[in-house]
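Sequence lines set the chain letters: A, B, ... in the order given, protein chains first and strands last, and positions in each chain run from 1. All values below were derived from every heavy atom in this structure, side-chain atoms included, with hydrogens, water molecules and symmetry-related copies excluded.
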Protein chains: 2
Amino acid sequence: MEDKLQLLRQHFEEIVSLTDEEWNFVQSHFEFKSLKKHQFLIQVGQPVDFEYWIIKGLVKAYSIDEKGKEHILQFAMEDYWVSDHCAFQHQEPGTIFVDCLEDSEFFCLSLENREKICFEVPAVANFFRIKSNHGYINLQQRILSLLTMTVESRYEYLLNKLPKLIQRVPKKLIASYLGVSRETLSRFNS
Amino acid sequence: MEDKLQLLRQHFEEIVSLTDEEWNFVQSHFEFKSLKKHQFLIQVGQPVDFEYWIIKGLVKAYSIDEKGKEHILQFAMEDYWVSDHCAFQHQEPGTIFVDCLEDSEFFCLSLENREKICFEVPAVANFFRIKSNHGYINLQQRILSLLTMTVESRYEYLLNKLPKLIQRVPKKLIASYLGVSRETLSRFNS
DNA sequence: CTTGAAAAGTGATTTAGGTCACTTTTAGCT
DNA sequence: AGCTAAAAGTGACCTAAATCACTTTTCAAG
């Protein structure tokens with residue numbers, strides 16, 4: 001466990017500096033969780049008690065429409081944060097599903113604990129501020145790609161940006177992430 | 001100007017508390033700017049020196065594709081923040097246009113000043129952290145709406161969420177925001 | 001290794017929405 | 001008030017992608 005917490009500390013220290021004392025305070029606010037492939041981290045209608053930092057593994061966050069079709073909001077792997085941020089922030093029942101595409105391990109942070117460490121340790125507030133800002137920028141670019149790019153170039157863009165992901169995830173899920181049908185993506189592929 | 005700064009202070013204090021001393025320090029890091037309708041706040045290829053908080057007015061942030069078509073990333077009005085966050089964050093030339101749909105006034109915050117006030121005043125770091133988090137949540141919902149909803153329901157959703165906006169913005173721009181052609185939106189409208 | 005299921009590929013058909021061309025309406029300016 | 005330009009509406013046609021139905025390939029579990 002020590003080594004896993006060390007990874008998390010490194011994740012923070014890529015962005016801000018923490019004293020040992022600060023880190024000890026911070027780390028004590030995380031819980032460990034481990035799930036097998038196909039198990040759910042978050043489910044629609046269930047409480048969303050945590051934000052999760054992924055130690056290892058791979059998850060998909062998605063919603064299901066009226067027709068039962070799956071739409072992928074996010075893939076998240078090692079070193080990523082994932083949650084139903086909306087439900088989490090407002091402490092409401094989940095609006096999306098998050099489940100494991102591989103056996104995965106997480107550090108879990110509750111809303112209360114997040115606010116506590118942010119207001120106690122300014123560096124942590126800055127860490128989450130900067131992280132959140134990066135996340136915002138990424139989502140803006142995804143929106144622009146959905147508005148401006150063809151399916152084909154969106155796929156190429158993703159291939160470039162996250163080549164490792166493509167190898168770990170079935171193409172039908174990539175299609176769902178790109179907002180296109182499995183069949184159409186398959187035709188571009190070849 | 002005092003009253004305008006007061007509005008900005010209120011904007012901060014909706015989320016965090018600031019002492020008078022802190023506020024005086026914070027406000028001194030903003031610049032004022034005023035633009036007429038049709039003038040540009042940000043242009044592709046130009047430096048993006050600031051993030052802008054809108055005192056009054058309305059702007060659109062958009063990119064132009066190879067075919068010359070405009071795709072709207074964001075509308076922003078009173079009390080909103082706007083910038084080319086990506087270019088701003090990395091201090092690179094602008095990748096989008098932002099121009100005024102109405103005469104507008106702004107408080108401008110440079111990257112250097114933002115980091116300064118965030119690291120000097122923890123409450124400000126928390127303010128931007130929380131703001132950024134809300135922004136992230138909004139963008140996630142927009143992505144989900146682009147992936148899961150039909151044009152018609154996206155339009156209804158927007159009507160519900162921002163009824164005031166619809167009245168201030170030509171429908172062809174709404175269409176561009178929704179990722180649909182002017183003509184198609186018009187047919188749903190009626 | 002075998003086998004059953006999931007994933008991927010592919011053809012035929014349908015459809016939502018785009019594009020083009022034109023008309024009508026609205027709104028801003030002098 | 002009158003005029004111009006932008007916005008909005010609308011019909012005809014076109015196209016990219018969805019859908020459906022089926023086959024082939026890959027992969028994982030016994």
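Here the P atom of nucleotide D/dC27 and the CD atom of A/Gln167 are 12 Å apart, to the nearest Å. Here the C1' atom of nucleotide D/dA18 and the NE2 atom of A/His71 are 12 Å apart, to the nearest Å.
Residues B/Glu2 and B/Arg9 are not paired through a salt bridge, judged by the lack of any N-O separation under 4.0 Å between the basic side chain and the carboxylate. For B/Glu152 and B/Arg187, the salt-bridge test fails: no basic side-chain N is under 4.0 Å from an acidic carboxylate O.
Scanning residues 168-176 of chain A for heavy-atom distances under 4.0 Å to DNA chain C yields A/Pro170, A/Lys171, A/Lys172.
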Do any N or O atoms of the protein come closer than 3.5 Å to N or O atoms of nucleotides 28-30 of chain C, and which pairs are they?
none

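Within the 3.5 Å criterion, the main-chain N or O of A/Asp49 finds no donor-acceptor partner in the side chain of A/Ser110.
The salt bridge (charged side-chain N to carboxylate O under 4.0 Å, His left out) search around A/Glu156 returns none, not counting sequence neighbours. By the salt bridge (charged side-chain N to carboxylate O under 4.0 Å, His left out) test, B/Glu14 is found to be paired with no residue, residues two or more places apart in sequence or in another chain being considered. Under the side chain to side chain contact (heavy atoms under 4.5 Å, CB included) criterion, B/Pro170 pairs with B/Lys172, B/Leu173, not counting sequence neighbours. In this structure B/Glu105 satisfies the salt bridge (charged side-chain N to carboxylate O under 4.0 Å, His left out) test together with B/Lys4, sequence neighbours excluded. Partners of A/Arg114 by salt bridge (charged side-chain N to carboxylate O under 4.0 Å, His left out), not counting sequence neighbours, listed by chain and number: A/Glu51. By the side-chain hydrogen bond (donor to acceptor under 3.5 Å, both in side chains) test, A/His71 pairs with A/Asp65, sequence neighbours left out.
Figure legend: cation-pi geometry between A/Arg154 and A/Phe188 absent, as NZ or CZ is not positioned both under 6.0 Å from the six-membered ring centre and within 45° of its axis.
When the local axes at the two ends of the helix from C/dC1-D/dG30 to C/dT30-D/dA1 are compared, using 5 base pairs at each end, they differ in direction by 60° after rounding to 10°.
The six-membered or imidazole ring of A/Tyr62 lies near that of A/Phe97, with a centre-to-centre distance under 6.0 Å.
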- [ ] Encode nucleotides 14-23 of chain C as B, S and - characters from 5' to 3', where the letter depends on protein heavy atoms closer than 4.0 Å: B to the base, S only to sugar-phosphate, - to neither.
- [x] ---SBBBB--

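Applying the 4.5 Å side-chain rule to ILVMFWY residues, one finds that B/Ile137 remains a lone member of its cluster. Grouped by direct or indirect side-chain proximity (heavy atoms under 4.5 Å, Ile/Leu/Val/Met/Phe/Trp/Tyr only), B/Tyr157 sits with B/Met149.
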